Amino acid sequence: MTAKNIQRAAVRMLYDPSLVERVYSQPDKAWPDLNLSVEERAWLVRPDRRRWRCDPARRQRSLQVIIEEFPVSVGLCLRDTSLVDLQAYFGSSIFHRCVNEDGSMVACFGDWLRLQHSSAEQFIILEQGIARARRRCLRQLRDFDSCWTMCRHVDVVEVFPDTLGKYQDYLHGLGATPTERIEALLAGCTLSPGPSQTQDDAEVALVIEYDTASNVARMSEANSALSALLNHLRTPKTFEIVCAFAKKYDLDVEECAEILADLAADRLIFQIF
Amino acid sequence: MSWTRASNSLKPGQRLSFAGAIQAMTMLRFSLGLSGDSGELSSMFLSRCQALPFLGIGVSTEYGAHADGTGLDPDVLATTHPEYGQFLEIGVEVDKGLDDVSRAWLSRGRPCTYHFLDVNLDDPVDFDAHWIAEVVALTASMKPAWLCGDAGLWHFGRRERGHMLLLPPILSDDSAKRFADGICTLREATGLEVLPENPPGQVFLGDLHIAEFFARVCEYADTGLLLDAAHLAIYQQIHGYEPRTGLDAIGTDTIIEMHVAGASITHIDGLEVIEDDHTPNVLEETWTIFDHLAQRATNLRAIVLECERNSLRDCLPVYRRLTTCLRDTPFGQAALKI
């Protein structure tokens, strides 16, 4: 008996009417990605199928939460789509995998949106980084002995060079506060994309520092080495492992220790004892 | 050994509260007598519950329920109709904390209960140290009579924005044991009784009647029950049952708290759907269930009319009917002495 798996199945059916139809028409074949018993499959089709859509506003409410964290990306995409069409996310394989794997619905929306609207990719990457930093702040770390790791309010992304400047212009164009921005988007406001950059443009690394008190994300450019190190420290690493990584940049043990101390002083990383 | 940034999420007061909770946990383990047989264990709650305070008739709230100035102000209710505002059931998400209305109530030293809105009791992963510490800190400041809350799926996957929903539990024996484990964990962490509540829903999965399920949860966890008559009425209607079907499974002496609330009827493609919307429109089926159980719940300590987003004028007729139902019960005689 796997209560979690049947709960995941139920959540997916609540969000995806097309899945409900597939499940009811072929209950034995509808769950190749979940280990459900014969009994659990039977439970899922016992209710009147109309009950799975008793909350017709569910997708809309969830989408509204999501677009609060992707105001610029969605604003750009709305030139080619609609808020109703964005609800298709909840029927996508990305969303279903997100539920199966206890992922972040918001972060996974970014992955889906990048596939649908590659023109807004840079801003989606940026807003996904902010979303991750916001969530890392709230997540409890497991215990590790003597490890270094990225501070929870920090994240790092790689984007095209002028993405940050454009992002700030777009954001202010929507409104000064998150509430104003979401109201603008719901009212049909769209953003006009500028000239697109080519794949030849070298990406730059941006360090995102999310301030929970003010709900503001500060962003600054970083070099590729720093970006690589911070990415390496997304999960806790012992000093020995960090030194082994730093050898790629010709850093010895002392230099590595010095850099870790400097990053800790800048509140980008911290050490767990 | 010292902690650096990993402990920054806990303020010093909270760390002390958490340490205090560990001590309380140790004492509670001892008092539970974990090596006792199931018969001894199952009767221990019925002994412990005698020490629970009598709260009477109260009202519920949650963060921001009165933010727009409408809705039932608990303070006004307690002042103008004290027989209906004897305690406040505060719905809490630890990420939000308490709003001004709740703080004002507590500042007056009035009684309350803590109704969690953010924990999947059947999932051990959900009891992370940060959440536990926050709950311990909140209960230390609120001093609720007990904890309570819907036993179901409050959020799918992670506890974060957008993931919140409330699905019923899987109604199986295995699931009942998982919920019982979570109740014990929370009780040990806080030192307070934890009363599971039967949640609302439209889709129920499993092989047990919901009354049987919660009877097992209470037995396995050695705890009492918050029985929501409105939620149960919806369950019975969905399955085509009479309102009192299956209620024999519930030990009425384990019912410590009851809820009454209104509902609305809508239709989805010809299917009649009852929505638990906390309006003053309480269904007759809800009254049937409430009346049946209130007469028999010998350890009943609290009743909440869930109507937080309605005006006092609209709620008063419901409160009056409530008192009519209770007038000849021990609970009613104690609650309406004011």
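Bear in mind the structure is a predicted one, so any value in this text is a computation, not a measurement. By convention in this document, chain letters (A, B, ...) are assigned in the order of the sequence lines, proteins followed by strands, and residues within each chain are numbered from 1.
- Of the atoms belonging to A/Y15, it is side-chain heavy atoms, and not backbone ones, that fall under 4.5 Å from chain B.
- With a threshold of 4.5 angstrom between heavy atoms, B/L167 approaches chain A through side-chain atoms but not through N, CA, C or O.
- Only the side chain of A/R58 comes within less than 4.5 Å of a heavy atom of chain B; its backbone N, CA, C and O stay farther away.
- For A/S62, the part sitting under 4.5 Å from any heavy atom of chain B is the side chain, from C-beta outward, and nothing else.
- Contacts between B/I238 and chain A at a heavy-atom distance below 4.5 Å involve backbone atoms as well as side-chain atoms.
- Using a 4.0 Å cut-off between charged nitrogen and carboxylate oxygen, B/D128 and B/R159 count as a salt-bridge pair.
- Of the residues A/I269, A/L268, A/L263, the one that meets the side-chain contact (heavy atoms from CB on, under 4.5 Å) test with A/L229 is A/L263.
- Listed options A/C54, A/P56, A/C98 were ranked by heavy-atom pairs under 4.5 angstrom with chain B; first place goes to A/C54.
- At a 4.5 Å heavy-atom cutoff, the contact between B/L271 and chain A is made by backbone and side-chain atoms alike.
- A/L44 touches chain B through backbone and side chain together, each having a heavy atom under 4.5 Å away.
- Electrostatic pairing of A/D102 and A/R8 counts as a salt bridge here, judged by a charged N lying under 4.0 Å from a carboxylate O.
- Applying the 6.0 Å contact sphere to CG of A/D262 captures more than 12 heavy atoms from other residues, nucleotides or ligands.
- Under 4.0 Å is where a charged nitrogen must lie from a carboxylate oxygen, and between B/K177 and B/D122 no such pair does.
- Residue A/E101 does not touch chain B at all, counting heavy-atom pairs closer than 4.5 Å.
- When each of B/N120, B/D123, B/D207 is scored by its heavy-atom pairs under 4.5 Å with chain A, the top score falls to B/D207.
- Ring centers of A/H153 and A/Y210: at least 6.0 Å apart, outside the cut-off.
- With contacts defined as side-chain heavy-atom distances shorter than 4.5 Å, the pair A/H232/A/I241 qualifies.
- More than 12 heavy atoms of other residues, nucleotides or ligands lie within 6.0 Å of CD in A/E180, so this atom counts as buried by the packing criterion.
- In this structure, the portion of A/E69 lying under 4.5 Å from any heavy atom of chain B is its side chain and not its backbone.
- For the residue pair A/H96 / A/D33, no side-chain donor-acceptor distance below 3.5 Å is found, with atom types taken as modelled.
- Contacts of A/R50 with chain B are made by both backbone and side-chain atoms, with heavy-atom separations under 4.5 Å.
- For the options B/M164, B/Q202, B/E275, B/H239, heavy-atom pairs under 4.5 Å to chain A are most numerous at B/Q202.
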